Amino acid sequence: MKNKVLNSFDEAVADIPDGATIMVGGFGPPGLPQNLLGALIRQGATDLTIITNRGDQTSAKANTGHLVELRRVKKVYCAFSASPHPSQASVFEELTESGEMEAELMPQGTLVERMRAAASGIGAFYTRASVGTELAENKETRVIDGKTYVLEFPLHADYAFIRAFTSDTFGNLQYDLTQRNFNPVMAMAAKTTLVEIEGDIIEVGGMDPNNVHTPGIFVDRVIKIPPAPEGLWTLPSDGKP
Amino acid sequence: MKNKVLNSFDEAVADIPDGATIMVGGFGPPGLPQNLLGALIRQGATDLTIITNRGDQTSAKANTGHLVELRRVKKVYCAFSASPHPSQASVFEELTESGEMEAELMPQGTLVERMRAAASGIGAFYTRASVGTELAENKETRVIDGKTYVLEFPLHADYAFIRAFTSDTFGNLQYDLTQRNFNPVMAMAAKTTLVEIEGDIIEVGGMDPNNVHTPGIFVDRVIKIPPAPEGLWTLPSDGKP
Amino acid sequence: MTTSEKKPLDRQTMCSRLAMEFEDGWIANLGAGMPTLCSNYDFKDKDIIYQSENGLIGYGPLAKEGEEIPNLVNAGVQYVTLRPGSAIVHHADSFTVIRGGYVNVTVLGSYEVAENGDFANWKTPGRKGGGIGGAMDLAVGAQRVWIAMEHVTRDGKPRLLKRCALPVTAVGVVQRVVTDLGLFDVTPEGFLMREIAPGYTPEEVQAATEAKLIISPDLKPLKVT
Amino acid sequence: MTTSEKKPLDRQTMCSRLAMEFEDGWIANLGAGMPTLCSNYDFKDKDIIYQSENGLIGYGPLAKEGEEIPNLVNAGVQYVTLRPGSAIVHHADSFTVIRGGYVNVTVLGSYEVAENGDFANWKTPGRKGGGIGGAMDLAVGAQRVWIAMEHVTRDGKPRLLKRCALPVTAVGVVQRVVTDLGLFDVTPEGFLMREIAPGYTPEEVQAATEAKLIISPDLKPLKVT
């Protein structure tokens, strides 16, 4: 089976054009593809659309908030567009308040369901989340079995950046605990999926088919994270800033 | 955590009332809950609605086709309502052709997606499958991004009958290979989920949380299949007919 | 009722008061911040299953410092522990749990709750952005939506309102509110004050409340048992 | 073109002719019955990933008798083998693969194919029921819908039609058809016969066909290489 292992993060992101739409996985540090983000920051692509849980964070060594601070993002689809603490106003907030960058905010369940719809050939779906709120103001609603639902459409992406624990060379993936989060859904939803691997890349045949979390058919490029210097996290060796 | 293990299939199905809606898992023999079906046949509930891939089969020791033959089913939602070989016309077909029983036929992907919608609080969804066919004739359609979709609604159930390989006493499940099929989705979609276990029922804590295929929160009753007499399949010890 | 020990309830007491009513086997989702204190309550024989948006089902207490498991956080990105019987699912399946009605109770923080059951917890005045997270899904999906919040803002303005002034998170879903001044059920007639912080009078609580309170004929001092 | 060895193609030749064009790394879904013969073609260095509706990704050849793995069947409920690198998903995820456009080619059997790309393979005349399985999802989701079927019915009636007479499975999706008489592409102008069973003349094939055939100027004998 095809060997999808690349040796460098820079090589993995080299072809990403300006204007690309990128899903970025992770929920807090677990599953955050900080090495891929670091490489994308170095690579220079701009005018990006990012689909991620929250786009304002600069807390990891390389995070989407850094791309935002560098003015390389034109739009973010997310479930958090402002810090819960107004005192911690971010560049993300400044740019969205000034209109330099657009943020489309939605319920987290809607965010992931829109990704899944894109993955699954579902044209649109009805959810109750956000009904009666300002987020649903210009959206189509429908009463089904006496309850009001709002119509939501798929979120497609050119690329998904995700992080997993183990991969085989074909890209079958296993995640460690809550590293999983959005990542399997993004892998299915994006045209091209890039994965940074925290643990080992093993030979094809070494993973129990019953316990593959993301089948390799959804994965395009896998890159092993170089050995970490120290600390709780596997830090990116090439993360910058 | 709650111990959901019951000791007999008869006990497990005892409370199922006439008129219940039951999802029946399995795809071919793997994952088919033949022991639960055997117990339901003995139990006598009638006027049932069955949601399953195909409802005509009598090939296993106890299968939905037996319930149909006993005139205990009023409606079947399925992806197969007739054998591919007209020469093998079943009682299922006789009853649907005469109008004694109703069958709602749909694409297999629509069948499972309607279950998932029920599980997930999705009010309805648009799929392209069946557009332009007689199945879509009285259904709402919508053009999204230039393609026509048909609107489909959730399929809810009172009970799911499924089969897995390993369970812990709380009902965390693992399936063996294609035993998985519809079963995890049915477990999420039904109010009460009954599982027959082909392998072992283990203590809570004995299953890797990364490799739980169906979380125990979706499961209500688990029953170990008694030792099989012989043969390729784990045959129901109490299956009848 | 005595005013001898008049003191607003502390946050742990507020959350414990809600947690007291959790039933054995319930699946609970606790919002980030104050609501997580519910898990400190001594549930004795009751088994509560904590679920968080990022796909973690059945987690245990916060990890001790130095004993964190790197890839194990709850929805508030706190390092937690695994309990036997836990399971991990991806985010879409996690919201199947949430929107699909499997969560028996969610306890959320809020800025405002209205007497019609609306609440507002995602956006503060004058800001374009906000933080929704899983709150809108939980609000429509969980079987019970309970709120834990201070009775008034830092500026002393009431948070129990006739109608929310801030953009709402969901409409008509809140069933119960605990504040540092008491325990309130949302009823078709409005807020029913069932329990009151020891030392306070109903009139004092009403004075700190915009909505008209219905005082339970069985009004009792709020107490954690 | 000679008529010396006039004989309809056998089913393996028909399927091998389609399989010849599978590309390295393709994900293929083969319908029950004749289409499964595609997997007998010698793909040499090409790696084909077989996917089936029941959630099996990357399976291998049919299991030998006595070596069946009890819980391992394909969508035709045949016992198959596992290849290294295979993966199991549940049915909803399996139809994400199918409807989501991940399947590079599906080869299906059919009763009829029309020159507008419609096909009919789920219901026969005079019956209320039918068997759809995954065909309607594959028909709209797979990147390529190819059909393998006999050129005429057992009664000698044509199956390549102007319009389907039977209830259709999907509208305008078929791109290629192989029959025992030749290989046909569905074009905006209708069926283009590109290859013909050795020994047959285009006129003979047309006589067995309701739709008007366009004969490729490069018409060649159908041959498996």
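Labels below follow one simple rule: chain letters A, B, ... track the order of the sequence lines, proteins then strands, and each chain is numbered from 1. Keep in mind that what you see is a predicted model, and the values were worked out from it rather than measured. Atom set for the values below is all heavy atoms of this structure, side chains included, hydrogens, waters and symmetry mates excluded.
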Closest non-hydrogen atom pair, [X] against [Y]:
X: D:G133; Y: B:F80; result: CA-CZ, 3.4 Å
X: B:T110; Y: D:D137; result: N-OD1, 3.7 Å
X: B:P107; Y: D:I132; result: CA-CG2, 3.8 Å
X: B:V185; Y: D:A92; result: CG2-CB, 3.8 Å
X: B:P29; Y: D:V77; result: CD-CG1, 3.6 Å

CZ of B:R180 to CG of D:N54, rounded to nearest 0.5 Å, is 11.5 Å

Distance from B:F27 atom CZ to D:N71 atom CG, nearest 0.5 Å? 13.5 Å

Interface moiety of B:L135 toward chain D, non-hydrogen atoms closer than 4.5 Å: side chain

Counting only non-hydrogen atoms closer than 4.5 Å, does B:F92 touch chain D with its backbone (N, CA, C, O), its side chain (CB onward), both, or neither?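 Contact with chain D is absent: no heavy atom of B:F92 under 4.5 Å.
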
Under a 4.0 Å N-O cut-off, is there an ion pair linking B:E97 with D:R127? no

Flag the one option from [options] with the top tally of heavy-atom pairs under 4.5 Å to chain B.
options: D:G129, D:A87, D:G126; result: D:G129
options: D:A135, D:G131, D:G33; result: D:G131
options: D:A75, D:A139, D:A32; result: D:A75

Measure from the side-chain N and O atoms of D:K128 to the backbone N and O of B:T96, and report whether any donor-acceptor pair falls under 3.5 Å.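 A pair under 3.5 Å: yes.
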
So, for D:H90 and B:Y175, is the gap between ring centers shorter than 6.0 Å? no

Per-residue contact mode, D:L138 against chain B (heavy atom under 4.5 angstrom): neither

Please determine, by modelled atom types, if D:E53 and B:N181 share a side-chain donor-acceptor pair under 3.5 angstrom. no

